Amino acid sequence: MKLILLGAPGAGKGTQATRISEKYSIPHISTGDILRRNIKEGTELGKLAKSYIDKGMLVPDEVVIGLMKERLSEEDCKKGFLLDGFPRTVKQAEALETVTDIDVVLDISVPYGIIVDRIAGRRMCVCGESYHVSMGIGDTCLKCGAKLYQRDDDKPETVKARIDVYDKQTSPLIDFYNAKGILKSVDGNNEPSAVFNEVVKVLNDFN
Ligand code: AP5
Ligand code: MG
């Protein structure tokens, strides 16, 4: 299954992606995670990405497209994949079409007020797991034991910029994929497990 997860910042893409990837045994490919890993390792790509991510802006299309073309050519993507955070512009979506077909695009929709609260309370782990402070979590990841941290771009002023960028540059992808007849929507304003049940109902038709 070749799947794209769409949704505003904080919609729950990463949270659902972890579960989908486990259930359907497909790699979870998150451009945000790849870029943050590069920032942590201090690579040239990381330095460039940081200058955009810290402002809530998108990293230039050419950079992300190149990165994803390379990633999608790897062996583990042959049986399918789940894209989280890519494509994010129509230009990226058009570039993706030149390297692979896509079975389904899943849009997770959540009202904006909820999104802001979710992002403010998010705590991350290097293993990719994400938590919310309301879950009554401690300082460490329940899955791997590493110390949890808050993302640099989760500050309120950056979150506002990310939501504006989503509205202007990413939300047009809803119409783009709807016109191709492969868009499905799920209500993301429920408990993570309830959202996942909805996701599975949709995906079982494609698997
Ligand atoms: P990226 O890492 O993709 O961030 P994002 O799209 O802003 O989305 P988030 O990761 O913030 O949210 P999410 O939907 O994954 O939510 P999560 O599951 O964590 O991108 C970061 C930056 O990298 C971009 O701004 C850009 O600069 C750059 N970038 C990345 N891709 C790019 C591209 N293709 N082109 C150019 N630039 C790119 O959940 C959020 C919180 O809510 C958590 O605390 C979670 O526990 C909680 N939560 C989740 N689901 C629920 C639920 N159902 N109920 C209650 N709480 C929930
Ligand atoms: Mg994410």
Side-chain angles (χ1 to χ4, degrees), residues 4-21 28-39 45-46 48-69 71-72 82-93 95-96 106-125 128-137 141-143 148-155 158-171 173 186-199:
I4 293 173
L5 276 190
L6 275 186
K13 301 182 294 296
T15 302
Q16 296 301 323
T18 309
R19 295 166 186 235
I20 296 167
S21 163
H28 167 199
I29 304 174
S30 156
T31 33
D33 288 349
I34 296 173
L35 295 171
R36 280 186 289 277
R37 204 174 314 128
N38 274 275
I39 292 175
L45 169 63
L48 177 86
K50 187 170 166 49
S51 65
Y52 292 92
I53 292 179
D54 283 356
K55 294 188 201 112
M57 291 164 62
L58 295 184
V59 174
D61 282 334
E62 316 76 76
V63 176
V64 185
I65 289 168
L67 184 80
M68 287 306 272
K69 280 188 175 169
R71 179 65 187 88
L72 288 170
L82 186 181
L83 301 183
D84 161 7
F86 181 91
R88 239 175 163 100
T89 62
V90 170
K91 198 169 167 202
Q92 291 180 16
L96 180 64
L106 203 61
D107 179 46
I108 305 179
S109 68
V110 177
Y112 282 174
I114 305 261
I115 278 173
V116 172
D117 170 69
R118 281 191 187 177
I119 294 182
R122 171 167 50 194
R123 297 296 179 270
M124 298 289 299
C125 178
E129 202 63 18
S130 113
Y131 301 92
H132 193 271
V133 286
S134 65
M135 294 169 173
I137 43 154
C141 177
L142 298 174
K143 232 175 179 180
L148 300 179
Y149 66 94
Q150 187 164 24
R151 266 170 51 176
D152 285 343
D153 61 344
D154 280 354
K155 291 184 291 251
T158 319
V159 171
K160 188 180 175 312
R162 283 162 60 199
I163 291 175
D164 286 348
V165 164
Y166 170 80
D167 277 339
K168 292 199 184 78
Q169 294 181 262
T170 307
S171 67
L173 291 178
V186 291
D187 179 6
N189 190 16
N190 275 314
E191 286 298 302
S193 54
V195 178
F196 185 59
N197 288 341
E198 286 300 306
V199 167

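Everything numeric in this text was worked out from a predicted model, so none of it was measured. All ligand and atom numbering here is 1-based and tracks the order in the structure.
- Of all heavy-atom pairs between Ile114 and Asn189, the closest is CD1-OD1, 3.6 Å.
- Sorted by first and then second residue, the salt bridge (Lys or Arg N to Asp or Glu O under 4.0 Å) pairs involving residues 160-170 (not counting sequence neighbours) are Asp153-Arg162, Asp154-Arg162, Lys160-Asp164.
- Pocket lining of ligand 1, defined as residues with a non-hydrogen atom under 4.0 Å away: Ala8, Pro9, Gly10, Ala11, Gly12, Lys13, Gly14, Thr15, Thr31, Gly32, Leu35, Arg36, Ile53, Met57, Leu58, Val59, Val64, Gly85, Phe86, Arg88, Gln92, Arg118, Arg122, Ser130, Tyr131, His132, Met135, Arg151, Asp153, Arg162, Gly188, Asn190, Glu191, Pro192, Val195.
- The shortest distance between side-chain heavy atoms of Ile39 and Asp152 does not fall below 4.5 Å.
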Mind listing the side-chain donor-acceptor pairs of residues 61-69 below 3.5 Å, one per line with the distance, residues two or more places apart or on another chain?
| residue | atom | partner | partner atom | Å |
| --- | --- | --- | --- | --- |
| Asp61 | OD1 | Thr89 | OG1 | 3.0 |
| Asp61 | OD1 | Gln92 | NE2 | 2.9 |

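- Looking at residues two or more places apart in sequence or on another chain, you find a salt bridge (Lys or Arg N to Asp or Glu O under 4.0 Å) between Asp54 and Lys50.
- Looking only at side-chain heavy atoms (C-beta outward), Val199 and Ile108 stay at 4.5 Å or farther from each other.
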